[in-house]
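Along the sequence shown, residues carry numbers from 1. Reckoned from all heavy atoms, side chains included, excluding hydrogens, waters and symmetry mates. Since the model is a prediction, treat every value here as computed from it, not as a measurement.
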Amino acid sequence: MSTTRSYPPGDRGPEPDDASAVPGDSRVRRLALDGASGIVPLARDFTRQALYDWGWLPAANADRRAAAEDVLLVVSELVTNACLHAEGPEELRVSNDGKVLRLEVADRGAGKPAPRLPHRAGRPGGHGMFIVQRLCLDWGVLRRADAIGKTVWAELAAPS
């Protein structure tokens with residue numbers, strides 16, 4: 001069975017070798033990012049396509065459009081943080097159970113992301129995890145037991 005995927009104008013979508021759905025689960029998508037170029041736009045395009053496939057896009061109203069834009073902003077922030085502070089991202093995982101969308105970015109970094117406090121809106125930089133904290137239902141860090149690295153995850157509510 002083949003599926004047709006539509007991409008917004010200018011988007012080619014993820015390359016077939018870079019992206020895959022988890023076998024048997026159309027609500028979980030994985031994108032290998034290790035060694036990729038243009039990682040942040042690639043991650044956004046990959047996530048945008050998942051939102052199209054899951055019916056979040058095209059948005060029927062302003063609330064649904066805002067929910068999709070929040071997801072894309074959080075993906076950008078998580079992947080950018082992995083690029084800047086954690087030796088680069090290895091993988092993006094996007095999952096959707098119908099009520100909550102979960103974003104996970106695996107990296108090789110040892111640090112722990114946290115919002116910069118006190119938050120000063122006028123200061124350049126340092127807003128990524130503050131944005132994640134404000135837009136998400138919850139977020140956190142899972143450490144790898146067998147190696148250096150972690151997965152930073154964030155959960156957002158599905159649009160109503």
Side-chain angles (χ1 to χ4, degrees), residues 5-15 17-22 27-59 62-97 99-117 119-142 149-159:
R5 296 184 178 189
S6 60
Y7 295 92
D11 281 349
R12 293 181 313 137
E15 296 297 323
D17 292 340
D18 293 341
S20 65
V22 173
R27 295 292 187 165
V28 178
R29 308 284 172 92
R30 291 180 184 212
L31 175 65
L33 295 171
D34 196 21
S37 61
I39 291 175
V40 175
L42 180 66
R44 285 178 64 90
D45 291 346
F46 174 79
T47 304
R48 184 180 294 111
Q49 184 57 50
L51 296 178
Y52 271 95
D53 293 346
W54 295 333
W56 287 46
L57 292 172
D63 288 341
R64 293 180 70 85
R65 187 171 31 261
E69 289 171 0
D70 287 351
V71 169
L72 297 174
L73 178 56
V74 171
V75 164
S76 295
E77 294 300 337
L78 294 179
V79 172
T80 297
N81 278 352
C83 290
L84 294 175
H85 306 294
E87 301 179 38
E90 293 178 328
E91 181 181 70
L92 167 64
R93 180 177 163 153
V94 183
S95 59
N96 177 13
D97 70 5
K99 295 181 182 183
V100 173
L101 185 127
R102 183 175 173 110
L103 305 167
E104 300 178 10
V105 176
D107 64 48
R108 292 176 294 280
K112 181 177 180 182
R116 186 182 290 173
L117 296 174
H119 181 257
R120 293 189 181 119
R123 181 175 58 192
H127 305 289
M129 293 314 295
F130 179 78
I131 291 169
V132 170
Q133 182 179 36
R134 297 286 292 197
L135 294 179
C136 295
L137 297 169
D138 199 8
W139 72 277
V141 178
L142 299 172
K150 64 186 175 304
T151 298
V152 180
W153 60 269
E155 295 179 338
L156 296 98

Heavy-atom pair of closest approach, residues [X] and [Y]:
| X | Y | answer |
| --- | --- | --- |
| G55 | R64 | O-NH2, 3.2 Å |
| V79 | A43 | CG2-CB, 3.8 Å |
| G88 | D107 | O-CB, 3.5 Å |
| L137 | A157 | CD1-N, 3.5 Å |
| K99 | D97 | N-OD1, 2.8 Å |
| L72 | R48 | CD2-N, 3.8 Å |

Side-chain contact, heavy-atom cut-off 4.5 Å: [X] with [Y]?
| X | Y | result |
| --- | --- | --- |
| L78 | W139 | no |
| V152 | N81 | no |
| V28 | R93 | yes |

Under-4.0 Å salt bridge between R102 and E104:
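Salt bridge between R102 and E104, a charged N being under 4.0 Å from a carboxylate O: yes.
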Distance check, rounded to the nearest 0.5 Å: [X] atom [atom1] versus [Y] atom [atom2]?
| X | Y | atom1 | atom2 | answer |
| --- | --- | --- | --- | --- |
| D70 | L156 | CG | CG | 6.5 Å |
| L135 | E69 | CG | CD | 11.0 Å |
| L31 | L42 | CG | CG | 5.0 Å |
| L101 | W56 | CG | CH2 | 4.5 Å |
| L92 | R44 | CG | CZ | 12.0 Å |
| Q133 | I131 | CD | CD1 | 11.5 Å |

Intermediate values then yes/no, side-chain contact (heavy atoms from CB on, under 4.5 Å), F46 and L33:
CA-CA 11 Å; F46 174 79; L33 295 171; over 6 Å; no
With a 3.5 Å cut-off and no angle check, do the side chains of Q49 and D45 form a donor-acceptor pair?
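No, no side-chain donor-acceptor pair sits under 3.5 Å.
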